[in-house]
Amino acid sequence: MALRAATATATATATAVAPRGLRALLSTFSSSFPFNTPSKQVEKPPPAEPSTNLFVSGLSKRTTSEGLREAFVKHGEVVHARVVTDRVSGYSKGFGFVRYATLEDAEAGIKGMDGQFLDGWVIFAEYARPRPPPPSMQNNNTTPGYGNYNSSSYGSQ
DNA sequence: GATGAGCGA
């Protein structure tokens, strides 16, 4: 019994130590294998599905929300236009969003403005990605942990 | 603020 256990331990130790050098060689081999394309996606999917919301990139840093709207309103009814600016510095981040009234206007806006010049820069217009809605505080406005009384759970029942 | 990637208070 003791012999078998000792043999097993010795064998396990030997097999654990021996292949280490070989494994490094093998991993080097497989990682440098040029034909090993692990189903890499070479094709890009379309930016986003159609929506009235447009993402505009490539803006000049002096392009403002008004300039953005005035550029896009030529192709449809712009409901909302915003150039994203940094909260602390206040400077434009170089991209913005434009919301049209209808999908036809949004499509016309993309086709009419994508690749055009605005303030000396080539801008790119595409459908904006759907964004998760902000947490609506219609239910919870109190900070938990500091004796916030909930009158609805008081006295009933 | 420097022709610069990206998805917003």
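Residue numbers start from 1 in every chain, and the chains themselves are labelled A, B, ... in the order their sequence lines are given, proteins ahead of strands.
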With rounding to the nearest 0.5 Å, note down the distance linking NE2 in A/His75 to CD1 in A/Ile110. 11.5 Å

Value for CG (A/Leu59) from CZ (A/Phe124), rounded to nearest 0.5 Å, stands at 11.0 Å

Strictly below 4.0 Å, heavy-atom distances to any atom of DNA chain B: list the hits from residues 105-114 of chain A, or just say none. none

Can a donor-acceptor pair under 3.5 Å be found between the side-chain atoms of A/Asp86 and the base atoms of B/dG8? no

For the side chain of A/Lys61, starting at C-beta, report the closest nucleotide among B/dG8, B/dC7, B/dA5. B/dA5

For atom CD of A/Glu49 and atom P of B/dC7, their distance in whole Å: 17 Å

Can you tell me how far apart NE2 (A/His80) and OG1 (A/Thr52) are? Round to the nearest 0.5 Å. 12.0 Å

If you apply the rule ring-ring contact (aromatic ring centres under 6.0 Å, His included), what do you find for A/Phe95 with A/Phe55, and how did you get there? CA-CA 8 Å; A/Phe95 64 93; A/Phe55 171 69; 5.5 Å; yes

Does the pair A/Leu68 and A/Val56 meet the rule for a side-chain contact (heavy atoms from CB on, under 4.5 Å), with working shown? CA-CA 9 Å; A/Leu68 192 66; A/Val56 187; 4.1 Å; yes

Taking only side-chain N and O atoms of A/Arg131, does any of them lie within less than 4.0 angstrom of OP1 or OP2 on B/dC7? no

Side-chain heavy-atom pair A/Phe97, A/Val84 within 4.5 angstrom cut-off: yes

Would you kindly compare A/Ser60 and A/Phe55 by the position of their nearest DNA chain B nucleotide and give the one closer to the 5′ end? A/Ser60

Please work out if A/Thr85 contacts a base, only the sugar-phosphate, or nothing of the nucleic acid, heavy-atom cut-off 4.0 Å. sugar-phosphate

NA contact type, A/Leu59, heavy-atom cut-off 4.0 Å: base, sugar-phosphate, or nothing? base

Heavy atoms from C-beta onward define the side chain here; which of B/dC7, B/dA9, B/dG8 lies closest to that of A/Asn53? B/dG8

Both A/Ser92 and A/Val84 contact DNA chain B. Taking the nearest nucleotide for each, which residue is further toward the 5' end? A/Ser92

Just call it for A/Gly58: base, sugar-phosphate, or nothing, with non-hydrogen atoms closer than 4.0 Å on any strand. base

Could you state the atom-to-atom distance from CZ of A/Arg99 to P of B/dC7 in whole Å? 18 Å

CD of A/Glu77 to OG1 of A/Thr102: how many Å apart, nearest 0.5 Å? 7.5 Å

Atom pair distance, as rounded to whole Å: CZ in A/Phe124 and P in B/dG6: 12 Å

For the side chain of A/Ser57, counting heavy atoms from C-beta on, which of B/dG6, B/dC7, B/dA5 is nearest? B/dG6

For A/Phe95 and B/dG6, is the gap between ring centres under 5.5 Å while the planes differ by less than 30°? no

